[in-house]
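Worth saying up front: this structure is predicted, and the values here are computed from it rather than measured.
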Amino acid sequence: MGRRLSGARERARCMLALLGALVTPVVADAGADAGTTALRYQAFVAGVPVGEATVAVSVGGGRYRVEGSARSNGLLRGFSDWRNRFRADGRLAGPVPAPTEFTYTEEDRDKRRTVLVRDGMLQVTKNGKHRPERPSPRAPDVVTALFVLPSCEDDQVLHTGRHVYRLSRLDGGAGRCRYAVVDDDGDRVEVEVALAERGDLVVPESITVRGWLTGRIELVEP
């Protein structure tokens, strides 16, 4: 039972981390000054609330910034006070972005970790101690990659700095995409993303993660 409870907590944290990566909206006209668009999401595991997130997207002057935060709530608050703040910056030249920096800070009670990817290098600081700098994964970061991939693209490799995810497309179309996702520990889940239009944006309306538990992330209407 303890192992399953620990697994449930890790699954919920994984979902919230995916939320930070996957809820990034896609701007229809990257050359226009779209201002800032704010979105809010809620996360559930087995139908029970476990987390929430907000995302703000700013585009203009040939540059973009996507930043937001996610945190545990509901059932998980008895076991965890997990929080994550993330940001992706880059340049826009036509339809393909050129990321310049990706960073996030996650905290959980007495633990704090900051991850920074910049100039092809990965820097990790855990509880105030700097780990040796090393090359970052040779793949797009998840926030930037999904910022320009709102539809069902082919197989791809993405990273969150510390972890690499391999996505294999199972099927998709008409605003719904389904992938098999394998992380660098070999753990596999299925992820289904439903897309919807919100003004000039195409955004995930829901994200469903299926493993030994099913989790779901939903867009909350204003």
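Between Asn84 and Thr105, the closest side-chain pair of non-hydrogen atoms is not below 4.5 Å. Within the 4.5 Å cutoff, side-chain heavy atoms of Arg91 are placed close to those of Thr100. Counting heavy atoms from C-beta on, the side chains of Arg210 and Glu192 come closer than 4.5 Å. A 4.5 Å side-chain heavy-atom check between Glu107 and Arg85 finds at least one atom pair inside the cut-off. For the pair Arg118/Phe102, no side-chain contact is recorded, criterion being any heavy-atom separation below 4.5 Å from C-beta on. Counting only heavy atoms from C-beta outward, the side chains of Val115 and Leu122 approach each other to under 4.5 Å. Residues Leu158 and Leu167 form a side-chain contact, since some pair of their non-hydrogen atoms from C-beta on lies under 4.5 Å apart. Taking 4.5 Å as the limit, every side-chain heavy atom of Lys126 sits out of range of all side-chain heavy atoms of Arg112.
Remark: Arg178 engages Asp171, Glu190 in a salt bridge (Lys or Arg N to Asp or Glu O under 4.0 Å) (not counting sequence neighbours).
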Stepwise, does the side-chain contact (heavy atoms from CB on, under 4.5 Å) test hold for Glu218 with Val220? CA-CA 6 Å; Glu218 298 179 355; Val220 178; 5.8 Å; no
Worked verdict on Arg113 versus Val124 for side-chain contact (heavy atoms from CB on, under 4.5 Å): CA-CA 7 Å; Arg113 178 186 288 111; Val124 178; 4.0 Å; yes
Run Arg216 and Thr208 through side-chain hydrogen bond (donor to acceptor under 3.5 Å, both in side chains) and show every step you take. CA-CA 4 Å; Arg216 185 176 175 86; Thr208 303; 2.9 Å; yes
Applying side-chain contact (heavy atoms from CB on, under 4.5 Å) to Thr214 and Phe44, what does each step give before you reach the verdict? CA-CA 9 Å; Thr214 296; Phe44 305 83; over 6 Å; no
Carefully, step by step, assess Asp89 and Arg65 under the rule salt bridge (Lys or Arg N to Asp or Glu O under 4.0 Å). CA-CA 5 Å; Asp89 290 287; Arg65 167 169 287 187; 2.6 Å; yes
List the steps and the verdict of side-chain contact (heavy atoms from CB on, under 4.5 Å) for Leu195 and Val193. CA-CA 6 Å; Leu195 302 172; Val193 182; 3.9 Å; yes
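Thr114 and Thr125 share no side-chain donor-acceptor pair at under 3.5 Å. For the 3.5 Å distance criterion, the side chains of Gln42 and Glu52 fail to qualify, holding no donor opposite an acceptor.
Nearest heavy atoms, Arg188 versus Ala180: NH2-CB, 3.3 Å. Between Arg162 and Asp184, the closest heavy-atom pair is O-OD2, 3.7 Å. Considering all non-hydrogen atoms of both residues, Ile217 and Ala43 come closest at CG1-CB, 4.0 Å. Residues Glu106 and Trp82 approach most closely at OE1-NE1, 3.2 Å, considering heavy atoms. Across all their heavy atoms, Gly51 and Asn73 have their closest contact at N-OD1, 2.9 Å.
Although no hydrogens or angles enter the test, the distance criterion places no donor-acceptor pair under 3.5 Å between the side chain of Asp141 and the main chain of Thr160. Judged by distance alone, with hydrogens and angles left aside, the side-chain atoms of Asp108 form no donor-acceptor pair with the main-chain N or O of Lys111 at under 3.5 Å. For the pair Asp119 (side chain) and Met121 (backbone), a donor-acceptor distance under 3.5 Å is absent. In this structure a side-chain-to-backbone donor-acceptor pair under 3.5 Å is present from Ser136 to Gly120.
In the hydrophobic clustering of this structure, Leu219 groups with Val55; members are Ile, Leu, Val, Met, Phe, Trp, Tyr whose side-chain heavy atoms approach within less than 4.5 Å, directly or through other members. Under the 4.5 Å side-chain heavy-atom criterion for Ile, Leu, Val, Met, Phe, Trp and Tyr, Leu116 and Val66 are members of distinct hydrophobic clusters. Follow the hydrophobic side-chain contacts under 4.5 Å out from Val164 and you never reach Val181; the two are in separate clusters.
Atom CZ in Phe86 sits 7.0 Å away from atom OG in Ser69 (nearest 0.5 Å). Atom OH in Tyr165 sits 11.5 Å away from atom NE2 in His159 (nearest 0.5 Å).
With respect to Asp81 and Arg71, a salt bridge is recorded, a charged nitrogen being found less than 4.0 Å from a carboxylate O.
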